[in-house]
Amino acid sequence: MKKNIIAGFAAILLLSACKNDKKVLDALADYNNSMEQKGYHFGDKLALPGEVTNEAESISISFGDKETSNLTIDPKFFTLGDNPVTFNIKTKGGETLTQDATINVFAKNPEKKMSYEIVAEYPHDPKNFVQGFQIEGNTIYESDGQNGSSQILKYTLGTTTPLASTKQPQEDFSEGSTIVGDKVYQLTWQSKKGYIYDKSSLKLLSEFAYPNVLGEGWGLTYDGKNLIASDGSKLLYFLDPANPSKLVKYIAVAGSSQAYDQLNELEYYNGFIYANVWQKPVILKINPQNGEVVGTFDFTDIVKQNTKGSDDVLNGIAFKGENMLVTGKNWPKIYEVAIK
């Protein structure tokens, strides 16, 4: 009889503990869901509900191989944008509870809506599937994609006749490109390698492998010290131009209410990174120190005039003096805009 009573008490205690555990996890899930869209800023402290903290002996957050018990949005652990994490809760009853969540971190200041005025239009070869685009003096350097027709070429602004060009192998799909001194660097989409050319002749000089962290090659620019590459994610990767296989650092990109991914063609100008968002008529102005988007350009009107299908999207940024040049894949025009 005593054994039955003891077993009954144990069952009641177990049921009570299970109910408490469910209550903790449900409260944590509700809190995380409520904060996912609102997001956090660096320095914010997670205000977990009492149903969680009152039952917890300790709480930590793990990020794969990293873990912290400091429930503050610390840039040592979090990046801008989405952060997949796991909450680890050791209860006062000796149980260990875990729950996966996404913590979004946004920039503190809202993005400025940048205005502009079209001041000139130039011809662009509509056969060119623009992937990389820059200007030096009055010469356009352009990387054009598509398997079997990928190339690097240069031509004088106002014309469409190449001054020099070099084709890529059949299997390569050319992507972003940038000028570094007397060389031109060019990425490929999925071949996991890039090319380096002589700027004058566009003769191929060498090739390099990507660092493992760079999944694909999308956009490329140069800040005077490092190459900056995108791979279609929210991240921008800083590479050593003397050894582009070496990762220097990376930053994540977000605005005040959303993370930005699909970052494509890049341009560095006057202390900021400019990036177009693939399949959207938007160019971002990004602080390279922390990845915060400080401004956005809406090129909807220009895009509507040049987009007929799903591929001929905005994808070309360069600076001619203080003015911006923009174009897109298979567009017949290059637009020069003055930023107001």
Side-chain angles (χ1 to χ4, degrees), residues 116 118-136 138-179 184-191 194-195 197 202 216-221 229-232 262-267 274-284 297-320 323-337:
Y116 60 89
I118 298 173
V119 295
E121 297 179 8
Y122 307 94
H124 179 257
D125 191 336
K127 295 192 299 294
N128 291 356
F129 196 76
V130 182
Q131 299 291 95
F133 186 75
Q134 52 270 187
I135 188 170
E136 187 175 85
N138 207 37
T139 302
I140 296 285
Y141 293 78
E142 191 170 312
S143 175
D144 296 315
Q146 302 287 32
N147 294 110
S149 59
S150 287
Q151 62 177 333
I152 189 82
L153 73 156
K154 67 177 184 177
Y155 55 89
T156 302
L157 180 64
T159 76
T160 58
T161 303
L163 300 170
S165 65
T166 298
K167 299 282 188 182
Q168 273 76 63
Q170 177 80 20
E171 67 272 14
D172 286 341
F173 192 118
S174 294
E175 284 284 347
S177 60
T178 193
I179 297 169
V184 178
Y185 288 63
Q186 180 191 42
L187 301 180
T188 60
W189 179 28
Q190 294 179 320
S191 298
Y195 294 112
Y197 304 89
L202 295 186
E216 297 179 344
W218 284 44
L220 188 68
T221 190
S230 63
D231 65 352
Q262 303 290 292
L263 303 176
N264 203 359
E265 216 272 314
L266 306 175
E267 183 72 15
Y274 294 78
N276 82 280
V277 180
W278 185 58
Q279 294 283 358
K280 292 186 178 180
V282 173
I283 290 178
L284 311 177
F297 294 84
D298 184 347
F299 285 102
T300 297
D301 292 341
I302 290 177
V303 169
K304 283 181 179 178
Q305 297 174 40
N306 294 277
T307 302
K308 299 174 183 176
S310 60
D311 290 334
D312 48 355
V313 294
L314 174 71
N315 202 67
I317 312 166
F319 275 87
K320 180 175 179 283
N323 292 346
M324 182 190 292
L325 298 180
V326 295
T327 190
K329 303 176 188 295
N330 302 128
W331 284 19
K333 291 183 180 179
I334 297 169
Y335 296 85
E336 181 177 347
V337 302

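Just so it is clear, the values below take in all heavy atoms, side chains as well, and ignore hydrogens, waters and symmetry mates. As the structure is a prediction and not an experimental result, all values here were calculated from the model.
Using a 3.5 Å distance cut-off with no hydrogens or angles, the side chains of Glu265 and Asn276 do not pair a donor with an acceptor. Remark: the Asn264 side chain and the Asn315 side chain contain an N/O donor-acceptor pair separated by less than 3.5 Å. With hydrogens and angles left out, the side-chain atoms of Trp189 and Glu216 include a donor and acceptor closer than 3.5 Å.
Legend: residues meeting side-chain hydrogen bond (donor to acceptor under 3.5 Å, both in side chains) with Ser143, ordered by chain and number and at least two apart, are Gln186. In this view, Trp278 satisfies the side-chain hydrogen bond (donor to acceptor under 3.5 Å, both in side chains) rule with no residue, not counting sequence neighbours. With sequence neighbours left out, Phe129 forms a ring-ring contact (aromatic ring centres under 6.0 Å, His included) with no residue at all. For Ser177, the side-chain hydrogen bond (donor to acceptor under 3.5 Å, both in side chains) partners at least two apart in sequence or on another chain are Gln134.
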Can you give each donor-acceptor pair under 3.5 Å made by side-chain atoms of residues 155-165, sequence neighbours left out, with the distance rounded to 0.1 Å?
residue	atom	partner	partner atom	Å
Tyr155	OH	Glu142	OE1	2.5
Thr159	OG1	Thr156	O	2.9

Would you tabulate the side-chain donor-acceptor contacts of residues 145-153 under 3.5 Å, counting partners in other chains and residues two or more places apart, or write 'none'?
residue	atom	partner	partner atom	Å
Asn147	ND2	Glu171	O	3.2
Ser150	OG	Gln146	N	3.4
Ser150	OG	Gln146	O	2.7
Ser150	OG	Asp172	O	3.3
Ser150	OG	Ser174	N	2.9

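Ring centers of Phe133 and Tyr141: at least 6.0 Å apart, outside the cut-off.
Side-chain contact between Lys320 and Glu336 is present, with heavy atoms from C-beta onward closer than 4.5 Å.
For Asn128 (side chain) and His124 (main-chain N/O), no donor-acceptor pair under 3.5 Å exists by modelled atom type. Of the possible donor and acceptor atoms, none in the side chain of Thr327 sits under 3.5 Å from a partner among the backbone N and O of Gly316.
Using a 30° and 60° split on the angle between ring planes, Tyr197 and Tyr195 fall in the tilted class, from 30° to 60°.
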